[in-house]
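Worth saying up front: this structure is predicted, and the values here are computed from it rather than measured. Proteins get letters first, then strands, A, B, ... in listed order; numbering begins at 1 in each.
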Amino acid sequence: MNITETLTTTVAAVLKQLYGIEQSADSIVLQDTRKEFRGDYTLVVFPYVKQARKAPEAVGAEIGEAVKAALPLVAGYNVVKGFLNLEIADSYWLQFVAEKAADGNFGLSTPAAESAPVVVEYSSPNTNKPLHLGHIRNNLLGWSVSQLLTAAGADVRKVNLVNDRGIHICKSMLAWLRYGNGETPESSGMKGDHLVGKYYVEFDKHYKEEVKQLMESGVEEEQAKREAPLMVEAQSMLKRWEEGDKEVRALWEKMNGWVYAGFDETYARLGVGFDKVYYESQTYLLGKELVQKGLGMGVLFRKEDGSVWCDLTGDGLDQKLLLRKDGTSVYMTQDLGTALLRHNDFGAERLIYVVGNEQDYHFKVLKLILGKLGFSWADKVYHLSYGMVELPNGKMKSREGTVVDADDLIDEMEKTAEEMSREHGKNDDLSDEERKHLYHILALGALKYFILKVDPTKNMLFNPAESIDFNGNTGPFIQYTHARIRSIVRKAEESGVKLTGNGEWKVMMTEKERGVVKALHALPETVMAAAAAYSPAMIANYAYELAKAFNSFYQDTPILRESDEQTKAFRVQLCAFVANALKNTMNILGIEVPERM
RNA sequence: GGCCCUGUAGCUCAGCUGGAUAGAGCGAGAGUCUUCUAAACUCUAGGUCCUGCGUUCGAGUCGCAGCAGGGUCACCA
């Protein structure tokens, strides 16, 4: 039983005994005492004054007295208006440090042996252009949520569903055939995904020109868009692809290969990865069988033209197309199929999709249809819907050239990290390789923290004109705090300070030390709460609070300079504890922490 | 137009299931390095929590209405 449970069960018993109030322990909420008051946990007594028939102050005092008498770890209490502030004995905090400081996995749970896995799908790129800032948010969130659920005790499998087929790929292929002159990543020195993206843009340029000419010759816009020669040819290429045309398939494989090599490089730089990669080209037909089954079950219906639909009007939605009249499948059809495939592949307890909130409707429909098809696991599908990344003048638009490219952004961050580091000039003794690694983890630390500290469900703003900060509430701030602490711990070890972690500490804690200990104490429950909310942002905010509490302590408390050996050892132990907690929380965010910087 | 999401300091964001005088960072102003890493710390200034009504002992938080912004309503993915 943890301390809040201990306190709430005692309060529940006290309420019953004093006033005959029946209230379950888990419905009693304790909040952290605000720092301007004395105490650690606060009980709001207003809800009980009516039944107790006494003034709030009196009720608070009576409960406080009774709780103190019942629990030795409650050292005292005070009542301010209707707020009962309970003061926890230092011995409790000291014991907590003694027990947990040396635990390298503090705050992390290990998966239960028998638990079914949780499958997290994220990234899921199209293979016609390179990754951009929106993908970065997706990838960082997907990776971090996976880490977070793992930290909360889940057995996580990360999967990627690559959209490697479709008209968009054909556009790049066609443009490359027409205008590429055999250009390759090798011959051009371009990263493969960028090269393919270049031809996607090239297609669009020529296509627009064709549409314009058609319209000038009097063709309606709709028709011009449909009948422009390039579009017609792209469509026919797609058809040939579906028929298995050797030439088309060979080109498709070649260009996709370039893209994958490019993606792999970006994934590696971002520090993300997958346990399994699905390719839509291999799964896109799966949904069709389900549709047949659905027709047989009578939950789907066929219109006169032969197209197949699901009627969702009973659920307050529309009718949804599942097969075109020519029998080809749409996005939803494929997603139904891949959901089943994934369920069968993993026997998953949950299927999590990290996908932007622009697809909220899609997932609502997906779950409904899976349910109608009779899959009991339909409610295990969870759409982790995250907000858009907006630029100061709105959404990113590839046509307007306002897309922030992922590789460019990482390059930019690394350059900034290097400049900042050189300015500080603290790493002159590092080797070139170590220094490069440092710049990299600082760059990624700044970028990842910047993105992950924002509530995933909310849209966020990114201003390319202002580079991401390295001071204040940032990744490097926390990385710096860690490096500083490690420096102290290294020096302590060199001078032979003994960290008698399992001994009992007999020291007087300062207010700042207590603040640090309490922050540490909150880690396990923070991890569980963040996992329940799928929110790396809660972890980021926690890490920041902890780092701030430590820095404040560090600023005016001697550690290695402390003359009392017992106190010095305790403080060093506390330092090591904080460093480890920072490391573990930053790891959940996918951020590496340096030993020095 | 229907449905969904968002609206907190000049800017970017916290604020857990309703609880004390609404918090950080950046930016602005003032201090702190002969001493454990100043990418830090300490102060100051800055708010009709979009508006109104309601529920409640108590509302930034819950409900309703309105206003503003975004998303979505494809035989695209």
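- Tyr19(A) pairs by the side-chain hydrogen bond (donor to acceptor under 3.5 Å, both in side chains) definition with Glu62(A), not counting sequence neighbours.
- Each of Leu30(A) and Ala547(A) lies near RNA chain B, and the nucleotide nearest Leu30(A) is the one positioned closer to the 5' end.
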Detail all sub-3.5 Å separations between protein N/O atoms and N/O atoms belonging to nucleotides 34-36 of chain B.
unit_1 : atom_1 : unit_2    : atom_2 : d
U35(B) : O2     : Arg561(A) : NH1    : 3.4
C36(B) : O3'    : Lys491(A) : NZ     : 3.1
C36(B) : O2     : Leu560(A) : N      : 2.9
C36(B) : N3     : Ile559(A) : N      : 3.2
C36(B) : N4     : Tyr554(A) : O      : 3.0
C36(B) : N4     : Thr557(A) : O      : 2.5
C36(B) : N4     : Arg561(A) : NH2    : 3.2

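- For A65(B), the paired nucleotide is U51(B), the pair qualifying as Watson-Crick or G-U wobble because both relevant distances are below 3.5 Å.
- Residues satisfying the ring-ring contact (aromatic ring centres under 6.0 Å, His included) test with Tyr122(A), not counting sequence neighbours, are Phe274(A).
- Using a 30° and 60° split on the angle between ring planes, His362(A) and Tyr331(A) fall in the parallel class, below 30°.
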Would you tabulate the pairs of protein nitrogen or oxygen atoms and nucleotide nitrogen or oxygen atoms of nucleotides 20-22 of chain B closer than 3.5 angstrom?
unit_1 : atom_1 : unit_2   : atom_2 : d
A20(B) : OP2    : Arg34(A) : NH1    : 3.4
A20(B) : N6     : Thr42(A) : OG1    : 3.0
A20(B) : N6     : Asn85(A) : OD1    : 2.9

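- Residue-level contact check: Val49(A) touches neither bases nor backbone, having no heavy atom under 4.0 Å from any strand.
- Searching all strands for a Watson-Crick or G-U wobble partner of U72(B) with both distances below 3.5 Å returns G2(B).
- Contacts of residues 330-338 of chain A with RNA chain B (heavy atom under 4.0 Å): Val330(A), Tyr331(A).
- Screening Leu140(A), Asn138(A), Asn139(A) for a side chain to side chain contact (heavy atoms under 4.5 Å, CB included) involving Ile136(A) leaves a single residue, Leu140(A).
- Across all strands shown, G19(B) forms a Watson-Crick or G-U wobble pair, both distances under 3.5 Å, with C57(B).
- Closest contact between the side chain of Pro47(A) and the listed nucleotides U37(B), G19(B), C13(B) involves G19(B).
- In this structure the side chain of Phe462(A) reaches within 4.5 angstrom of the side chain of Leu409(A), judged on heavy atoms.
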Protein N or O to nucleotides 25-31 of chain B N or O, pairs below 3.5 Å:
unit_1 : atom_1 : unit_2    : atom_2 : d
G25(B) : O2'    : Asn473(A) : N      : 3.2

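- Here the two rings, on Tyr353(A) and Tyr382(A), have centers that are 6.0 Å apart or farther.
- Nearest to the side-chain atoms of Asn427(A) among the listed nucleotides A39(B), A14(B), U42(B) stands A39(B).
- Projected onto RNA chain B by closest heavy-atom contact, Val44(A) and Ala483(A) fall at different nucleotides, the more 5' of which corresponds to Val44(A).
- Annotation: side chain to side chain contact (heavy atoms under 4.5 Å, CB included) contacts of Glu358(A) (sequence neighbours excluded): Met388(A), Lys395(A).
- Residues from residues 300-310 of chain A lying near RNA chain B, meaning a heavy-atom separation below 4.0 Å, are Asp305(A) in numerical order.
- With a cut-off of 3.5 Å on both pairing distances, the Watson-Crick or G-U wobble partner of A28(B) is U44(B).
- Here Cys170(A) pairs with Met237(A), Leu238(A) under the side chain to side chain contact (heavy atoms under 4.5 Å, CB included) rule; sequence neighbours left out.
- Residue-level contact check: Ser421(A) touches the bases, meaning some heavy atom is under 4.0 Å from a base atom.
- Residue Leu442(A) is in base contact, counting any heavy-atom pair closer than 4.0 Å across all strands shown.
- Listed by chain and number, the residues in a ring-ring contact (aromatic ring centres under 6.0 Å, His included) with Phe203(A) are Tyr207(A) (sequence neighbours excluded).
- A ring-centre distance under 6.0 Å is not found for Tyr544(A) and Tyr449(A).
- In terms of the ring-ring contact (aromatic ring centres under 6.0 Å, His included) criterion, Phe37(A) has no residue partners (sequence neighbours excluded).
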Contact pattern, 5' to 3', of nucleotides 67-74 of chain B - B, S or - by protein heavy atom under 4.0 Å: ---SSSS-

